[in-house]
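Note on naming: letters A, B, ... go to the chains in the order of the sequence lines (proteins, then strands), and numbering restarts at 1 for each one. These values consider heavy atoms only, across backbone and side chains, with no hydrogens, waters or symmetry-generated copies.
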2 protein chains.
Amino acid sequence: MGRKRPAIDRVFHALGDPTRRAMLEQLGEGPVSVSRLAEPLHMTLAAVVQHLQILEESGLIVTEKTGRVRSCRIDSVGLTVAEEWIRDRRTRWEKQLDKLGDLLAEEN
Amino acid sequence: MGRKRPAIDRVFHALGDPTRRAMLEQLGEGPVSVSRLAEPLHMTLAAVVQHLQILEESGLIVTEKTGRVRSCRIDSVGLTVAEEWIRDRRTRWEKQLDKLGDLLAEEN
DNA sequence: CGAATAGTTAAGTATTGACTTGAGTATCGA
DNA sequence: TCGATACTCAAGTCAATACTTAACTATTCG
């Protein structure tokens, strides 16, 4: 997996782009080379490489070059960072959210 | 809570900004007016209002105006959308991630 | 070797995003 | 009623992003 824990900033920013999420979906099927990843996307290889850098820096993928081919695959680190951020807030804000639920219940 | 389910695009984009996350943290303490929310942030009220619009459109907060004061509070819809997106992928990609774990285990 | 493949890198453009300024509108309170 | 408060809205600025093009490097294969 990726080396260090990515900043939450990077992770959410990376996930915020539809092209990058599409790339992740593709990689969910299994490891893919850069040019195969680019195929379904309507943009140049160079643009895809730039997205890959962002995904890698945010711990969402790992890549490894063998010969002239770079293979890309999902990394769980980025997803975990995002998931934990959300889970932490949700539990911390539980009371707020519960109060809100109560108010709504009363309205019915 | 907010009306409809926000697009995942909006949610991740909203969460990607540090100012907006700081606003959410503040709101986690309880409902706050726009101007009180703006106090700790080094920017104009107008800028804060723009962030609030983004947060509301992404289902992360709800606001309600009473008299001349707009009260803002956390909404769980946005957080849920993000959480579910991640959870769905994680389970779908489980095999990928497990394979990865196994490979790493073998390397040690 | 030499041509095709696979990716890399740098530089430029064009849109989006995060702000500001400034001028408004609607309460509230004395 | 009149001034202060609490936003609201429309423009405009400036930097960050998502691209493109084009030139380059490193492999593979016949």
Examine [N]: is either OP1 or OP2 under 4.0 Å from a nitrogen or oxygen in the side chain of [X]? Give yes or no.
| X | N | answer |
| --- | --- | --- |
| B/K65 | D/dT8 | yes |
| A/S35 | C/dT5 | no |
| A/T44 | D/dC19 | no |
| A/H51 | D/dC19 | yes |
| B/T66 | C/dT27 | no |
| A/R70 | C/dT8 | yes |

Once you round it to whole Å, what is the distance between [atom2] of [N] and [atom1] of [X]?
| X | N | atom1 | atom2 | result |
| --- | --- | --- | --- | --- |
| A/L45 | C/dT9 | CG | P | 13 Å |
| A/M43 | C/dA14 | CE | C1' | 15 Å |
| B/L15 | C/dA18 | CG | P | 13 Å |
| A/H42 | D/dA18 | NE2 | C1' | 16 Å |
| B/L52 | D/dC7 | CG | P | 10 Å |
| B/E39 | D/dC7 | CD | C1' | 14 Å |
| A/L41 | D/dT20 | CG | C1' | 15 Å |
| A/I54 | D/dC19 | CD1 | P | 9 Å |

Presence of donor-acceptor pair under 3.5 Å, side chain of A/Q50 and base of D/dT20:
yes

Looking only at N and O atoms, is any donor in the side chain of B/Q53 or the base of D/dT8 less than 3.5 Å from an acceptor on the other one?
no

Looking at side-chain heavy atoms only, is the closest gap between A/R92 and B/E25 below 4.5 Å?
yes

Count the heavy atoms of every other residue, nucleotide or ligand shown that sit under 6.0 Å from CD of B/E64, and state whether that count exceeds 12.
no

When you check the gap from the basic side-chain N to the acidic O, do B/E84 and B/R5 get nearer than 4.0 Å?
yes

Salt bridge or not for B/E83 and A/R90, using N-O below 4.0 Å?
yes

Are side-chain N/O atoms of A/R20 and A/S58 paired as donor and acceptor at under 3.5 Å?
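Short answer, no.
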
The helix from C/dC1-D/dG30 to C/dA30-D/dT1: angle between end helix axes, five pairs per end, rounded to 10 degrees:
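The value is 20°.
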
For the side chain of [X], counting heavy atoms from C-beta on, which of [options] is nearest?
| X | options | value |
| --- | --- | --- |
| B/R68 | D/dT27, C/dC28, C/dT9 | C/dC28 |
| B/R20 | D/dT5, C/dA18, C/dC19 | C/dA18 |
| B/A46 | C/dT20, C/dG29, C/dG7 | C/dT20 |
| B/H13 | C/dA4, D/dA22, C/dG17 | C/dG17 |

Which heavy atom of A/V11 sits nearest a heavy atom of A/L60, and at what distance?
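For A/V11 and A/L60, the tightest heavy-atom pair comes out as O-CD1, 4.4 Å.
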
Listed partners of B/R36 passing salt bridge (Lys or Arg N to Asp or Glu O under 4.0 Å), at least two apart:
none

Could you work out, with side-chain contact (heavy atoms from CB on, under 4.5 Å) as the rule, every residue matching B/T63, not counting sequence neighbours?
B/E56, B/I61, B/R70, B/C72

Contact class for B/R36 vs. all strands (heavy atom < 4.0 Å): base, sugar-phosphate, or nothing?
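The residue B/R36 makes no contact with any strand.
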
With nearest nucleotides of DNA chain D determined for A/G67 and A/D17 from heavy-atom distances, which residue corresponds to the more 5′ nucleotide?
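On the 5' side of the pair lies A/D17.
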
On DNA chain D, does the nearest nucleotide to A/T19 precede the nearest nucleotide to B/V69 from the 5' side, or the other way round? Give the residue.
B/V69

